[in-house]
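Reviewing the structure listed below.
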Amino acid sequence: VGFVLQGLGIAKRVASGKTGPKIIRAKIDGVDTAWEIDTKGTVFGDIPAEIIVKGMDGIKSTMPGFMKLFSFPADVFRKFITRDPAYAIRQIFRDSTAAYMATGSNATPVLGALKELKNMYGDGDKTARQLMAGGLSGGQVITGSPDDMKKIIQQVASGKPGWSMAMAKLDGFAMAGDMATRVAAYKSFIKQGLTEREAELASLEIMNFSRRGVSPTVLFLNSMIPFLSANIQGLDVLYRAFKGQMGYSERLKIQEKLFARGAFLALATAAYAIAMDDDETYENARPSERYGNWFVPVAGLDGALRVPIPFELGLIFKVLPEAVVRAAKSDEKGSEIIGDIKDMLMKSVPGDIPLAAKPALEVMSNYSFFTNSAVVG
């Protein structure tokens, strides 16, 4: 943060012993360092620097003991999901496609991000490290919670053998999956004429997990409901992309690209739905699986490879065209298809039952809130 604000011209190096709300303190190679924010200045000509000081001061809230108890299952669940190596690959499919459509990036979806992921674990280049220094790394692993310091310490200790190293390696791969999309987009933004600082900010806005309000209630809900923040941020990006309110929207032609690429995806999905009309794996899948993935036949694979869709954009440009084709061609009743679409839409509405209570409620009611069907048929 100190480096970024210094680069923006609203923070300067000061004596390391200074303290106060306008002072950012850190260690660089073990040496105490401090920056002071000039609260009389502005960022990008119209944002008062004073707002940055207030934002860094954080949300004045203390997590009560019972809230921590209710947050524990969600935290464990979130770690199991993000530490699954398949999670990083799925995120590359989703995020790189969403970035291509909603942020003005010209990086090739999926392939561009996979190439950058390979670079990070191979010879690599300096771009990923540069973006990490700018605070763009973290994904859904480092999300701004107090427990994140423990994860960062694990990363520092990842060279030591044992459990912490294994967990840090898995966390690192999840973060690399998120970073791969950002690096590919960053390079595309540079080619389109943005400065390095502008390209960093545009890459951050692909999915800005550091963006948050001041509501303690939402903070508590986010700790008890897995991936609530990602849900809110995804809808926010979708709204701002359609409204032309994303950063550098005119220079990157974000609205123009969104509508053109969305129309292409809708037409391709309609053709896909027609082609899959007699595919057994596709037809026998649950509606949530059918609409939430592209089924790709692969030689030698029993069934089909399921490629996940980008959540919010996928609803508009994949789920709706596919449902229209199914309504026209299949024997499925229109009311059933409308019900399936409603279920998919409801899953994109932020909020859910806290995970600490959800399994017990599902057992008692014999009803899965995820599949919207009986747990035991």
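Below, all heavy atoms of this structure are taken into account, side chains as well, without hydrogens, waters or symmetry copies.
Summarising the geometry of Gly177 relative to Leu117, their closest heavy-atom pair is N-CD1, 4.2 Å, with the distance given to 0.1 Å. Across all non-hydrogen atoms, the minimal contact from Ser348 to Leu315 is OG-CD1, 3.0 Å. The two atoms that bring Ser16 and Ala34 nearest to each other are CA-CB, 3.9 Å, heavy atoms only. When all heavy atoms are compared, the tightest approach of Ile81 to Tyr87 is O-CB, 3.2 Å. The heavy-atom pair separating Ile92 from Ala180 by the smallest distance is CD1-CB, 4.3 Å. Of all the heavy atoms in Thr281 and Ala304, the pair that sits closest is CG2-N, 4.1 Å.
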Applying ring pair (Phe, Tyr, Trp, His ring centres under 6.0 Å), run through Phe369 and Tyr367 and close with a yes or a no. CA-CA 6 Å; Phe369 296 103; Tyr367 184 81; 5.6 Å; yes
Carefully, step by step, assess Tyr272 and Val296 under the rule side-chain contact (heavy atoms from CB on, under 4.5 Å). CA-CA 10 Å; Tyr272 157 85; Val296 181; over 6 Å; no
CA sep, side-chain torsions, deciding dist, call: Leu355, Phe72, side-chain contact (heavy atoms from CB on, under 4.5 Å): CA-CA 9 Å; Leu355 196 64; Phe72 178 73; over 6 Å; no
List the steps, then state whether side-chain contact (heavy atoms from CB on, under 4.5 Å) holds for Tyr186 with Gln130. CA-CA 11 Å; Tyr186 172 86; Gln130 176 188 336; 2.8 Å; yes
Before you tell me yes or no, could you show the steps for Val349 and Leu345 under side-chain contact (heavy atoms from CB on, under 4.5 Å), namely the whole-Å CA-CA distance, both residues' side-chain angles and the distance that decides it to 0.1 Å? CA-CA 7 Å; Val349 176; Leu345 287 171; 6.0 Å; no
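Under a hydrophobic clustering in which Ile, Leu, Val, Met, Phe, Trp and Tyr are joined whenever their side-chain heavy atoms come within less than 4.5 Å, directly or via other members, Phe93 and Ile316 fall into the same cluster. Val324 is not connected to Met276 by any chain of hydrophobic side-chain contacts under 4.5 Å among Ile, Leu, Val, Met, Phe, Trp and Tyr, and they are in different clusters.
Within 6.0 Å of the CD atom in Glu250, the count of heavy atoms belonging to other residues, nucleotides or ligands does not exceed 12. For Arg90, the CZ atom is loosely surrounded, since the number of other residues' heavy atoms within 6.0 Å does not exceed 12. The neighbour count for Phe173 CZ, taken as heavy atoms of other residues, nucleotides or ligands under 6.0 Å away, is above 12. For CZ of Phe311, the number of neighbouring non-hydrogen atoms (other residues, nucleotides, ligands) closer than 6.0 Å is 12 at most. The environment of CD in Gln245 is crowded: more than 12 heavy-atom neighbours from other residues, nucleotides or ligands sit within 6.0 Å. Atom CZ of Phe264 is surrounded by 12 or fewer heavy atoms from other residues, nucleotides or ligands within 6.0 Å.
Looking at Leu258 and Phe317, their side chains come closer than 4.5 Å, going by heavy atoms from C-beta outward. Within the 4.5 Å cutoff, the side chain of Lys329 has heavy atoms near those of the Ile274 side chain. Using a 4.5 Å heavy-atom cutoff, the side chains of Arg25 and Thr19 are in contact.
In this model, no donor atom of one side chain and acceptor atom of the other lie less than 3.5 Å apart for Lys347 and Asn231. A donor-acceptor pair shorter than 3.5 Å cannot be found between the side chains of Tyr248 and Gln192.
Counting only distance, with no hydrogens or angles, the side chain of Asp352 and the backbone of Ile225 share no donor-acceptor pair below 3.5 Å. Although no hydrogens or angles enter the test, the distance criterion places no donor-acceptor pair under 3.5 Å between the side chain of Thr82 and the main chain of Phe80. Side-chain atoms of Thr269 never come within 3.5 Å of backbone atoms of Lys318 as a donor-acceptor pair (strictly under, hydrogens ignored). Remark: the backbone N or O of Ala49 is not paired with any side-chain donor or acceptor of Lys40 at under 3.5 angstrom. Asn284 places a side-chain N or O within donor-acceptor distance of the main-chain N or O of Glu280, the cut-off being under 3.5 Å. Using modelled atom types, one side-chain atom of Ser96 and one backbone atom of Val110 make a donor-acceptor pair closer than 3.5 Å. In this structure, the side chain of Arg182 does not engage the main chain of Ala128 through any donor-acceptor pair within 3.5 Å. Not one N or O on the side chain of Lys22 forms a donor-acceptor pair closer than 3.5 Å with the backbone of Ile37. A donor-acceptor pair is defined here as one N or O able to donate and one able to accept, closer than 3.5 Å; such a pair exists between the side chain of Asn293 and the backbone of Glu289.
Atoms CD1 and CZ, from Ile89 and Arg94 in turn, are 12.5 Å apart once rounded to the nearest 0.5 Å. Rounded to the nearest 0.5 angstrom, Ile232 CD1 and Leu228 CG are separated by 4.0 Å. Taking OG1 of Thr103 as the start and CD1 of Ile206 as the end, the distance is 5.0 Å to the nearest 0.5 Å. Of the inter-residue distances, the one linking Ser203 atom OG with Leu201 atom CG reads 8.5 Å to the nearest 0.5 angstrom. To the nearest 0.5 angstrom, Ile24 atom CD1 is 11.5 Å from Arg13 atom CZ. A distance of 9.0 Å separates CD in Gln255 from NZ in Lys243, rounded to the nearest 0.5 Å.
Cation-pi geometry between Arg290 and Phe295 is not met at under 6.0 angstrom from the ring centre and within 45 degrees of the axis.
Glu116 and Lys187 are joined by a salt bridge, as a carboxylate oxygen and a charged side-chain nitrogen come within less than 4.0 angstrom of each other. Looking at Glu205 and Arg240, a side-chain N of the basic residue comes within less than 4.0 Å of a carboxylate O on the acidic one, giving a salt bridge. Under the 4.0 Å criterion applied to side-chain N and carboxylate O atoms, Lys12 and Glu36 are not assigned as salt-bridge partners. Salt-bridge check for Glu336 with Arg326: failed, with every basic side-chain N at 4.0 Å or more from each acidic carboxylate O. Taking a cutoff of 4.0 Å between a charged side-chain nitrogen and a carboxylate oxygen, Arg251 and Glu198 qualify as a salt bridge. Asp171 and Arg83 are joined by a salt bridge, as a carboxylate oxygen and a charged side-chain nitrogen come within less than 4.0 angstrom of each other.
Between Trp35 and Phe3, the ring planes lie perpendicular to each other; the angle is over 60°, past the 30° to 60° tilted range.
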